Amino acid sequence: MRKRISLLAASGLVALGLATTPAHAADPVFTLSGPAEVGLRPHPGPSGDAQKTTVEFRVGNTTGTVFDKRSTFTIDLSAFKGIADVTLDKDRSGDCTQTATAVTCVRDGLYPSERRVAILELRAAKDSKLGASADLTMTGKTEGATFKPATTKVKVGGPDLVLEKAALKEKMNPGDTQGLPIVFANAGTEAVDGVALRIDTTHGMDLVEKYDNCSVDKASEWMTGTVCVLDGEFEPGAVYEVSGALTLKAAAHAFHDGIVYSVNAAGKEPAARQQLGKNTTGTGKKLAVTERTPAKAALRPGAGAGTDLAPGNNRHEFDFEVKNTADLAADALSLKGKAGDTVKADLGFRNKGPAWVSYARLGSGVARTDIVIPEGAKVTKAPAGCEGVEADGTSRKQNAGAPRYLCWTDYDLGEREKVSYPFELKIEKVVADAKGSVTVDGWGPGGIEVQGWDPDKANNKAAFVINAKDTGPTPGPTSSTGSPSPKPSSSTSPSPSASVTTAAAVTGTGPKANGNLASTGSSVGPVAFGAAVLVAAGGLLFVAVRRRDTGRA
């Protein structure tokens with residue numbers, strides 16, 4: 001009987017051991033990527049030389065860890081004889097070699113990101129025929145992992161939309177309007193079935209008209225996109241113009257504003273960008289397009305009427321300089337407390353308008369706030385984006401406990417925004433009527449400058465007082481006696497991270513909407529807004545619908 005129990009117990013332990021043995025983790029799967037489709041300009045091209053199209057292949061590792069085994073990638077070229085001449089870009093393709101039938105690349109490890117594997121340059125072969133196509137496929141091989149292959153369809157010929165640059169005027173006043181003429185051609189070899197026109201406008205520039213075949217989406221906090229789908233067959237060699245009105249209007253808060261406008265083959269961009277059939281206005285009006293007569297068909301010189309398939313000729317951008325001002329006003333603050341109290345202080349300023357201001361193109365905050373701490377108080381917690389300095393403005397090692405702080409805004413400042421920097425201070429000793437200050441100035445690339453767009457410098461400085469004399473009870477932030485000091489936070493770089501709110505109404509007298517900017521001598525010129533601008537720390541990003549770039553991945 002004991003033997004049976006022992007055997008059963010042993011069997012149970014074996015079963016338990018089997019149940020608790022960890023399963024082997026599945027091999028990781030890495031994804032290879034490249035453009036879905038590219039078109040080649042037929043040989044030999046207008047200059048007599050075949051034009052090249054660039055194709056980039058990449059590999060993505062989304063596992064979050066480094067894969068440290070060697071991987072081999074192969075791009076099959078065997079199907080391209082008589083269709084395209086393929087050349088490896090050795091300068092940008094790392095450990096890659098090319099033969100007549102393949103490109104082979106080796107990577108010793110894959111980091112958790114997306115990395116380039118190879119860049120190829122393709123040209124239509126001398127005897128290639130219009131419409132000929134072949135697949136360009138990259139595969140990968142390694143021990144302990146698998147790769148999802150990437151395939152790019154390569155075709156000789158295709159459509160090529162070319163957008164004329166509109167003749168717009170740069171100088172405007174708030175409330176001014178001007179028309180946006182849209183003229184484009186198909187300089188390719190194939191017709192386009194439907195065109196998507198996209199117009200992106202910044203916060204101070206509005207598109208007046210509404211059409212049932214146009215939809216609007218908020219591309220970002222400071223950017224609005226309008227997409228209009230134009231039906232029809234757009235033939236090679238023909239020139240078209242939008243016949244309905246498209247009017248741009250400078251808002252009361254306009255200042256340095258811009259637009260990006262483009263034409264793309266309908267359906268080539270993600271549906272989320274085109275908003276096809278969604279959010280229409282129900283006005284009964286539809287934006288139409290007509291073909292130009294042969295006498296007017298040519299695009300204006302310099303409009304980008306070349307015959308290449310690069311996307312740069314179907315998109316344009318333009319900057320406006322609207323005559324306006326923005327009044328920055330520092331907020332005063334008075335606090336009371338006893339020795340040992342920890343008090344909270346929201347220090348900052350507000351933009352009383354009427355203009356909004358953006359320095360996204362420059363990658364710089366719009367304004368800097370200089371905060372002097374009253375005597376007897378010590379900062380125990382400073383907000384991110386505020387740098388502690390010595391009383392004379394020189395740098396110091398520790399951010400907490402500084403006598404003075406410099407705080408930077410974000411790259412965009414709304415026309416009625418309140419910028420607040422939350423501090424925590426400990427009252428180490430009571431000093432009657434201890435005075436500090438809050439000063440705001442326009443922040444330029446070279447440092448604090450006198451900004452011509454701020455017409456009232458008198459309100460740029462306000463008092464920050466602790467235990468003011470004979471003022472009576474002062475409502476303000478709550479204090480707690482004997483509360484522990486929060487852990488100090490350190491900030492050594494002017495990264496824009498103030499908390500910002502929009503004020504529904506601002507007391508006081510603001511500037512007039514049509515202040516004369518030309519006579520101010522402002523050192524910061526118009527901000528050029530563009531889709532190529534990408535600021536790593538944040539800021540405005542122009543979202544412009546692009547036709548599939550047949551020349552790049």
Side-chain angles (χ1 to χ4, degrees), residues 168 170 172 174-176 180 198-208 215-227 248-262 272-273 275 279 315-328 348-367 385 408-420 442-445 451 453-454 495-504 506 513 524-546:
L168 299 171
E170 177 188 3
M172 298 180 72
D176 283 358
L180 174 63
R198 184 173 182 109
I199 304 168
D200 288 301
T201 56
T202 54
H203 179 58
M205 197 61 56
D206 299 323
L207 190 61
V208 176
S215 59
V216 179
D217 66 276
K218 197 69 175 172
S220 71
E221 181 182 3
W222 306 108
M223 193 78 188
T224 300
T226 299
V227 180
L248 297 169
K249 182 177 181 180
H253 54 264
F255 194 17
H256 296 318
D257 281 275
I259 64 168
V260 179
Y261 54 108
S262 60
R273 285 189 176 182
Q275 299 283 310
N279 300 328
R315 172 188 172 276
H316 294 292
E317 58 189 69
F318 192 84
D319 303 321
F320 302 96
E321 185 180 348
V322 181
K323 187 165 62 175
N324 216 338
T325 59
D327 182 17
L328 307 186
F349 69 97
R350 66 192 68 215
N351 178 12
K352 297 169 67 176
W356 81 302
V357 186
S358 176
Y359 281 177
R361 172 70 162 78
L362 301 174
S364 171
V366 172
W408 285 262
T409 67
D410 208 338
Y411 308 102
D412 306 292
L413 181 65
E415 65 275 13
R416 283 291 183 266
E417 280 191 0
K418 175 178 169 58
V419 179
S420 180
W443 173 256
Q451 298 296 340
W453 45 260
D454 187 349
S495 58
S497 58
S499 84
V500 180
T501 57
T502 300
V506 180
V524 179
V527 179
F529 294 89
V533 178
L534 227 185
V535 181
L540 178 69
L541 175 60
F542 270 20
V543 183
V545 170
R546 298 167 178 256

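Keep in mind it's a predicted model, so treat the numbers as computed, not measured. Counting from 1, the numbers follow the sequence of the chain as shown.
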- Query: Could you state the interatomic distance from OH (Y261) to CZ (R198), rounded to the nearest 0.5 Å?
  - Reply: 15.5 Å
- Note on the structure: Sorted by chain and residue number, the side chain to side chain contact (heavy atoms under 4.5 Å, CB included) partners of A250 (sequence neighbours excluded) come out as M172, M205, A254, V322
- Got a second to check how far F349's CZ is from L413's CG, nearest 0.5 Å? 5.0 Å
- Query: Hey, does the side chain of S364 reach the backbone of Y359 with a donor-acceptor pair shorter than 3.5 angstrom?
  - Reply: no
- Item | T201 vs I199 side-chain heavy atoms within contact, under 4.5 Å | yes
- Are any side-chain N or O atoms of D412 and backbone N or O atoms of A360, one a donor and one an acceptor, separated by less than 3.5 Å? no
- Message: Nearest 0.5 Å, please: how far is CZ in R416 from CG in N351?
- Response: 7.0 Å
- Item | Approximate separation, where rounding is to 0.5 Å, of E221 CD and H203 NE2 | 8.5 Å
- Between W356 and D257, is any side-chain donor less than 3.5 angstrom from a side-chain acceptor? yes
- Note on the structure: Between N324 and F255, the two heavy atoms sitting closest are O-CE1, 3.6 Å
- Out of curiosity, E417 CD to L328 CG, how far, rounded to the nearest 0.5 Å? 11.5 Å
- Task: Give a yes or no on whether the backbone of G258 and the side-chain of T202 come within a donor-acceptor separation of less than 3.5 Å.
- Result: yes
- Query: Less than 4.5 Å apart, any side-chain heavy atom of H256 and any of D319?
  - Reply: no
- Contact check, side chains of P354 and T325, non-hydrogen atoms, under 4.5 Å: yes
- Query: Is H253 reaching over with its side chain to a backbone N or O of G414, donor-acceptor style, under 3.5 angstrom?
  - Reply: no
- Task: Indicate the atoms forming the closest heavy-atom contact of A355 with A326, along with that distance.
- Result: O-CB, 3.6 Å
- Message: To the nearest 0.5 Å, what is the distance between CD on E415 and NZ on K352?
- Response: 15.0 Å
- Item | Contacts of T226 that satisfy side chain to side chain contact (heavy atoms under 4.5 Å, CB included) - sequence neighbours left out | L207, C214, V216, C228
- Message: One pair to check against salt bridge (Lys or Arg N to Asp or Glu O under 4.0 Å): D176 and K323. What are the steps and the verdict?
- Response: CA-CA 11 Å; D176 283 358; K323 187 165 62 175; over 6 Å; no
- L180 side chain reached by L168 side chain, heavy atoms, under 4.5 Å: yes
- Could you check L248 against D206 for side-chain contact (heavy atoms from CB on, under 4.5 Å), going step by step and ending with a plain yes or no? CA-CA 6 Å; L248 297 169; D206 299 323; over 6 Å; no
